[in-house]
Amino acid sequence: MAQKPSIPKGTRDFSPAEVAKRNYIIQNIREQFEKFGFQPIETPSFENSETLMGKYGEEGDRLIFKILNSGDFLKKADADAYAQQDSIKLTPSISEKALRYDLTVPFARYVVQHRNEIEFPFKRYQIQPVWRADRPQKGRFREFFQCDADVVGSDSLWQEVEFVQLYDAVFTALDLKGVTIKINNRKILSGFAEVIGESDKLIDFTVALDKLDKIGEEGVKKEMQEKGISSEAIQKIQKVFGLKGSFSKKIEVLKDILEPSEIGRKGIEELEFINSAIQELQLNTANLDLDVTLARGLNYYTGAIFEVSAPEGVAMGSIGGGGRYDDLTGIFGMSGVSGVGISFGLDRIYLVLEELGLFPETVARNIQALFINFGNKESLYCLKAIKELRAGGIAAELYPEEAKMKKQMAHANKRDIPFVVLAGAEEIENSKFTLKNMKTGEQSAVTLEELVTKLV
RNA sequence: GUGGUUGUAGCUCAGCUGGUUAGAGCGCCUGAUUGUGGUUCAGGAGGUCGCCGGUUCGAACCCGGUCUUCCACCCCA
């Protein structure tokens with residue numbers, strides 16, 4: 001009969017304490033988003049498959065959760081594909097909907113669909129769960145929250161400058177000091193590929209370069225060679241591997257390397273613009289760093305690429321990412337509209353704050369006082385007081401059963417309720433309440449007015 | 001999707017090369033204390049050893065499968 005209940009791989013339940021902490025993060029992010037002028041939208045959990053499929057590359061398609069058609073779906077299945085055991089070919093005929101994989105593509109769809117109602121540039125934020133059929137690991141789930149802020153309809157590089165500041169503002173608000181905002185530019189990467197004469201191998205080249213800190217210089221070169229990039233070509237950008245020092249020092253080296261490439265020079269120009277603005281404006285707690293090995297989201301980023309890593313010493317993948325995509329809405333038939341945006345990984349930020357003990361103690365909402373239940377007459381007397389307290393903004397409740405005193409006290413204790421109020425025959429007679437401080441154990445007889453002032 | 005890893009009470013973990021009734025600490029429940037919790041003391045409940053199958057006289061332990069956990073690829077928040 002009773003099967004052991006469980007939840008799917010990579011999903012989680014959240015306890016009241018966990019929800020409180022998650023809300024604390026969301027609240028801070030939302031506050032900053034709104035301060036920067038972003039407005040919230042929400043989109044459905046699932047989209048038409050064709051909206052999502054093919055937007056994240058082949059790998060992405062594999063990781064999209066497909067929803068099986070309702071009804072007798074096999075009747076409409078592609079018989080050929082089924083006979084050939086070709087899952088990829090069969091899928092469109094048995095699944096027409098899929099769970100949202102990220103918030104960017106649904107946003108692009110939203111913009112195109114509502115273009116006549118939207119005032120551009122449009123700054124929207126969106127905080128919703130997304131789903132990926134990935135293999136779970138630490139900080140990697142199959143259902144997780146993204147908190148995105150994007151601007152569409154503005155080519156201005158000031159947007160990038162604003163996003164760097166937004167990252168800084170959020171992590172400062174969360175008291176998470178020392179995060180590194182890594183920035184790169186797709187044009188730099190294109191420049192590299194151009195300089196070595198391998199423009200058609202841009203993706204292979206950058207994917208390999210992205211692994212520099214993981215597999216080292218030799219590993220990267222080896223992988224590049226395996227992808228058909230000659231050692232002479234690699235030699236031309238040898239300096240890239242030794243790139244270090246300040247932002248401007250790296251820029252100087254890049255200028256040298258990318259001199260022959262027009263697109264490369266353009267990338268440098270953009271990075272310099274952003275960096276000098278940030279130098280002038282200053283960041284509160286975050287660091288801005290140029291990282292030419294950064295190559296995420298290459299499928300659509302065309303300009304700036306952002307990634308945020310946790311403070312040093314915390315083993316966690318990136319806690320945020322983003323970038324500029326010049327033709328965000330082109331895939332849905334609305335071309336020439338540029339987008340740029342960033343994302344915060346709520347679940348990972350949670351793990352980092354937890355590890356560093358950065359959640360304030362006050363995140364969990366709790367009642368101020370529990371009234372002990374001595375019976376119906378006493379309960380009514382208490383509820384009148386509780387009504388007053390609530391009207392004054394104080395959270396309070398009555399223990400629902402006329403249980404043993406010990407049980408009621410223990411309940412207050414386990415719930416970490418700071419005060420207990422007792423009102424029995426004697427208190428009622430004197431129009432008083434006995435207020436007990438659960439931490440110190442002190443208790444005193446007070447009037448209703450005193451009760452309100454003491455519990456505020 | 002590939003390779004590996006983990007799974008014993010609510011929690012953290014013991015359990016000797018397979019051998020009777022599977023243990024500890026913490027937590028939980030009851031009482032000492034029928035208007036006083038957090039301390040103490042006494043007692044108690046709780047496990048188809050992830051699940052299914054196999055080998056064996058006998059399996060928590062060995063084998064296969066499956067689910068789950070974590071890790072490395074891939075990719076990514």
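Below, chain A is the first sequence line, B the second, and so on; all start at residue 1. Just so you know, these numbers come straight off a predicted model, no measurement behind them.
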Cation-pi geometry met for [X] and [Y] (6.0 Å, 45°):
X	Y	result
Arg124(A)	Phe107(A)	yes
Arg142(A)	Phe65(A)	no
Lys221(A)	Phe241(A)	yes

Please classify the nucleic acid contact of [X] as base, sugar-phosphate, or nothing, using heavy-atom distances under 4.0 Å.
X	value
Ser343(A)	nothing
Ala412(A)	nothing
Lys414(A)	sugar-phosphate
Gly424(A)	base
Gly60(A)	nothing
Gln146(A)	sugar-phosphate
Gln443(A)	base
Phe141(A)	base
Ala403(A)	nothing
Gly322(A)	nothing

Task: For rG3(B), the Watson-Crick or wobble partner whose two distances fall under 3.5 Å - done: rC71(B)
Task: For rU17(B), the Watson-Crick or wobble counterpart (both distances under 3.5 Å) - done: none
TODO: For residues Phe344(A) and Phe33(A), establish whether the separation of their ring centroids is below 6.0 Å.
DONE: yes
Task: Rounded distance [0.5 Å steps], CG in Leu176(A) versus OG1 in Thr285(A) - done: 7.5 Å
Task: Spacing of CD1 belonging to Ile417(A) relative to CD belonging to Glu397(A), to within rounding of 0.5 Å - done: 6.0 Å
Task: Ser6(A) vs Leu422(A), nearer the 5' end of RNA chain B by closest nucleotide - done: Leu422(A)
Task: Nearest-nucleotide 5' precedence on RNA chain B, Lys211(A) against Gly345(A) - done: Lys211(A)
In whole angstrom, give me the gap between the [atom1] atoms of [N] and [M].
N	M	atom1	result
rG44(B)	rC62(B)	C1'	38 Å
rC63(B)	rG18(B)	P	10 Å
rU8(B)	rA72(B)	C1'	28 Å
rG25(B)	rA45(B)	P	15 Å
rU12(B)	rA77(B)	C1'	30 Å
rC67(B)	rC26(B)	P	38 Å
rU69(B)	rC51(B)	C1'	15 Å
rU5(B)	rG38(B)	C1'	42 Å

Please give, in whole Å, the distance from [N] [atom2] to [X] [atom1]?
X	N	atom1	atom2	answer
Lys9(A)	rG50(B)	NZ	C1'	15 Å
Arg100(A)	rC76(B)	CZ	P	19 Å
Asp213(A)	rC76(B)	CG	C1'	14 Å
Glu427(A)	rU36(B)	CD	C1'	12 Å
Arg348(A)	rA77(B)	CZ	C1'	5 Å
Gln137(A)	rU2(B)	CD	C1'	13 Å
Arg12(A)	rU69(B)	CZ	C1'	14 Å
Ile417(A)	rG37(B)	CD1	C1'	11 Å

What nucleotide among [options] has an atom nearest to a side-chain atom of [X]?
X	options	result
Thr434(A)	rU36(B), rC70(B), rG1(B)	rU36(B)
Leu63(A)	rC28(B), rG37(B), rC75(B)	rC75(B)
Met405(A)	rG37(B), rU36(B), rG1(B)	rU36(B)

Task: Distance-only donor-acceptor test (3.5 Å): side chain Asn413(A), base rG38(B) - done: no
Task: Donor-acceptor pair present, Arg135(A) side chain and rG3(B) base, under 3.5 Å - done: yes
Task: Qualifying residue for side chain to side chain contact (heavy atoms under 4.5 Å, CB included) with Tyr325(A), from Leu328(A), Thr329(A), Asp327(A) - done: Leu328(A)
Open item on the list: Counting only side-chain nitrogens and oxygens, does Lys404(A) get under 4.0 Å of the OP1 or OP2 atom of rG37(B)?
Closed with: no
Task: Asp102(A) bridged to Lys55(A) by N-O distance under 4.0 Å - done: no
Open item on the list: Using the six-membered base ring of rA77(B), report whether Phe344(A) stacks on it, requiring centroids under 5.5 Å and planes under 30° apart.
Closed with: no
